Every structure is written in C-alpha cells, then in structure tokens.
Amino acid sequence: MERKEICCFTGHRPNRLPWGRDEWDPRCLAVKQQLEAAVQRAYDRGSRHFICGMAQGGDLYFAEAVLALRERCPDAALECARPCETQADRWPQEDRRRYQAILDQCNYETMVQHTYDRGCMMRRNRYMVDRSARIIALYDGVPKGGTANTLLYAIRKGLDVDIIDPIGETKP
C-alpha cells in the first residue's frame, strides 16, 4: 500500500467530548455524520487504507465509519493499530465488546508493542502518522494532550488534514 492511499485518525476520548459517553446526544450523532462524510471524502481523494488507534471515543466512531464505508466500497480496508496488548483491559465491559467486535472485522491488526509503558500511545500515534498521507481529527482546539500532539506531528509531516470540531463544523 502506498502512503498516498493511507488515512489515519486522531481524536478525543469521551472525557474530552461535550456529550461524554452519551452517544444518543444530538451533538454526538452530528459528529458521527461528519466523521462518515470525512471518511468518504478521504476515500474520494484516494484513501483505501484507514488506520485507527482503537482508543475509546472518537477512534471507535472512526473505525465504525470505515467499516460502514467498506460495506459500500469493498476496497476500503481498516487497520487497527493497538498501542499494547492490554489497551482495553480496564475498560467497561460494553466498550471491550465494541473494541473486540471492531478487531474481529478489521483487515489488519498491528500491535505496536506487547506491554504498556508511558510512551506506547505516542509510538502508536507516530506509527499511524508516519505511514499516512491524510489525517482526520476529532479535535476541540485545545493545544494539549495526545490528539493535539498527534495533529501537530501530522501537520509537521505534511499530511492533508480534515478537522472535525466536536462543537462546531468540519474544517477540511
């Protein structure tokens, strides 16, 4: 797969999203629609391989949007880039089931490293950006945290950027 065909994602976990874990909140439903549109735009621009870091919140929304795209466009592939084997071990049961369901449907699974340490999430994020030509970000504009750092790294690497503000509009 050529880099120009790869799109990755970065986004906030539920604690940074205005609706938290309430995915029936109209703001969340609107963001999921914007995310599906962003995935479709990336596909229309040549992306066929989508890499997801599999964190709670935005990452799982993205993975599900790619799986929905794959139903319509069978040449779309989902890669789940896990930072470590224990990523979801302490999540609520419902989130672990969702995580496993996505893993069961993905085309590729990448384990960045076997055991957790303080840098495994950052290494996972760099793995995704270093292979991609595009990034979709669910980003609130606050210049701190993993999403902000990943987005800044992607911008420095020259990736095409599509930002979805969890309280506003998409900024392609």
Side-chain angles (χ1 to χ4, degrees), residues 1 6-40 42-43 47-129 131-132 135-140 145-147 149-151 162 164-167:
M1 182 72 47
I6 302 174
C7 174
C8 65
F9 176 82
T10 189
H12 297 304
R13 293 184 175 107
N15 64 324
R16 285 279 298 272
L17 298 170
W19 54 85
R21 294 186 166 280
D22 181 6
E23 292 186 39
W24 291 107
D25 183 294
R27 296 168 295 181
C28 182
L29 296 172
V31 160
K32 286 182 177 184
Q33 287 180 333
Q34 292 174 40
L35 192 51
E36 288 176 9
V39 168
Q40 184 65 57
Y43 182 86
S47 294
R48 296 297 180 268
H49 187 99
F50 296 83
I51 308 175
C52 177
M54 296 299 290
Q56 291 171 297
D59 283 27
L60 299 185
Y61 306 165
F62 171 78
E64 290 166 345
V66 172
L67 291 172
L69 171 73
R70 193 176 70 187
E71 298 247 336
R72 300 183 309 274
C73 307
D75 61 335
L78 176 63
E79 176 181 353
C80 296
R82 297 171 57 195
C84 62
E85 288 177 326
T86 59
Q87 179 180 20
D89 285 1
R90 295 184 178 187
W91 294 4
Q93 183 65 33
E94 182 179 324
D95 288 350
R96 286 196 312 256
R97 278 195 296 271
R98 185 179 194 180
Y99 177 89
Q100 190 59 52
I102 292 168
L103 286 176
D104 290 345
Q105 296 175 73
C106 75
N107 301 86
Y108 307 96
E109 184 179 341
T110 301
M111 184 75 60
V112 174
Q113 64 186 58
H114 290 288
T115 57
Y116 173 84
D117 67 30
R118 289 180 350 144
C120 69
M121 304 295 178
M122 181 193 68
R123 281 188 284 282
R124 183 255 340 257
N125 295 343
R126 288 183 178 245
Y127 165 85
M128 295 188 306
V129 169
R131 282 151 184 77
S132 299
I135 188 167
I136 298 170
L138 178 58
Y139 177 56
D140 62 10
T147 299
N149 291 339
T150 303
L151 187 54
D162 195 342
I164 299 168
D165 184 333
I167 13 185

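On a predicted model such as this, the values are computed, not experimentally measured, just so you know.
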Could you check whether any side-chain heavy atom of [X] comes within less than 4.5 Å of a side-chain heavy atom of [Y], counting everything from C-beta outward?
X      : Y      : answer
Thr150 : Ile135 : yes
Ile164 : Ile136 : yes
Leu103 : Glu109 : yes
Val31  : Leu17  : no

So which heavy atom on [X] is nearest to which on [Y], and how close?
X      : Y      : result
Gly53  : Pro83  : O-CD, 4.0 Å
Asn107 : Ala77  : OD1-CA, 3.2 Å
Trp19  : Pro166 : CZ3-O, 3.5 Å
Ala55  : Leu60  : O-CG, 3.3 Å
Ser132 : Cys7   : OG-C, 3.9 Å
Leu151 : Ala137 : CD1-CB, 4.0 Å

In Å and rounded to the nearest 0.5 Å, what is the [atom1] to [atom2] distance from [X] to [Y]?
X      : Y     : atom1 : atom2 : answer
Arg82  : Tyr99 : CZ    : OH    : 3.5 Å
Ile167 : Arg27 : CD1   : CZ    : 8.5 Å
Ile102 : Leu78 : CD1   : CG    : 7.5 Å
Arg97  : Trp91 : CZ    : CH2   : 13.5 Å
Gln87  : Gln56 : CD    : CD    : 8.5 Å
Thr147 : Asp59 : OG1   : CG    : 7.5 Å

Checklist entry - Side chains of Gln105 and Arg70: donor-acceptor distance under 3.5 Å anywhere? => result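 Result is no, nothing qualifies.
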
Next on the checklist: Does Arg72, at its CZ atom, have more than 12 non-hydrogen atoms belonging to other residues, nucleotides or ligands within less than 6.0 Å?
Outcome noted: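 More than 12 within 6.0 Å, yes.
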
Next on the checklist: Looking at Glu23 and Lys32, would you say the former's side chain and the latter's main chain have a donor-acceptor pair under 3.5 Å?
Outcome noted: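 Such a contact is absent between Glu23 side chain and Lys32 backbone.
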
Checklist entry - Please walk me through it: do Cys52 and Val66 pass side-chain contact (heavy atoms from CB on, under 4.5 Å)? => result CA-CA 9 Å; Cys52 177; Val66 172; over 6 Å; no

Next on the checklist: Before you tell me yes or no, could you show the steps for Arg126 and Arg123 under side-chain contact (heavy atoms from CB on, under 4.5 Å), namely the whole-Å CA-CA distance, both residues' side-chain angles and the distance that decides it to 0.1 Å?
Outcome noted: CA-CA 5 Å; Arg126 288 183 178 245; Arg123 281 188 284 282; 5.8 Å; no

Item to check | Full working for side-chain contact (heavy atoms from CB on, under 4.5 Å) between Cys120 and Val112 | outcome: CA-CA 7 Å; Cys120 69; Val112 174; 6.0 Å; no

Checklist entry - When you look at Cys8 and Val129, which way does the side-chain contact (heavy atoms from CB on, under 4.5 Å) test go after all the steps? => result CA-CA 7 Å; Cys8 65; Val129 169; 4.2 Å; yes

Checklist entry - Less than 4.0 Å between a side-chain N and a carboxylate O, is that true for Arg21 and Glu94? => result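 The answer is no: the pair does not qualify as a salt bridge.
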
Item to check | Partner of Phe9 under ring pair (Phe, Tyr, Trp, His ring centres under 6.0 Å), chosen from Tyr61, Phe62, Phe50 | outcome: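 Of the listed residues Tyr61, Phe62, Phe50, the ring pair (Phe, Tyr, Trp, His ring centres under 6.0 Å) partner of Phe9 is Phe62.
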
Item to check | By side-chain hydrogen bond (donor to acceptor under 3.5 Å, both in side chains) - contacts of Gln100 (at least two apart) | outcome: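 With neighbours one apart ignored, the set is Asp104.
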
Checklist entry - Picking from Glu79, Met128, Arg48, His49, what satisfies side-chain contact (heavy atoms from CB on, under 4.5 Å) with Ile6? => result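 For Ile6, the side-chain contact (heavy atoms from CB on, under 4.5 Å) test succeeds with only one of Glu79, Met128, Arg48, His49, which is His49.
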
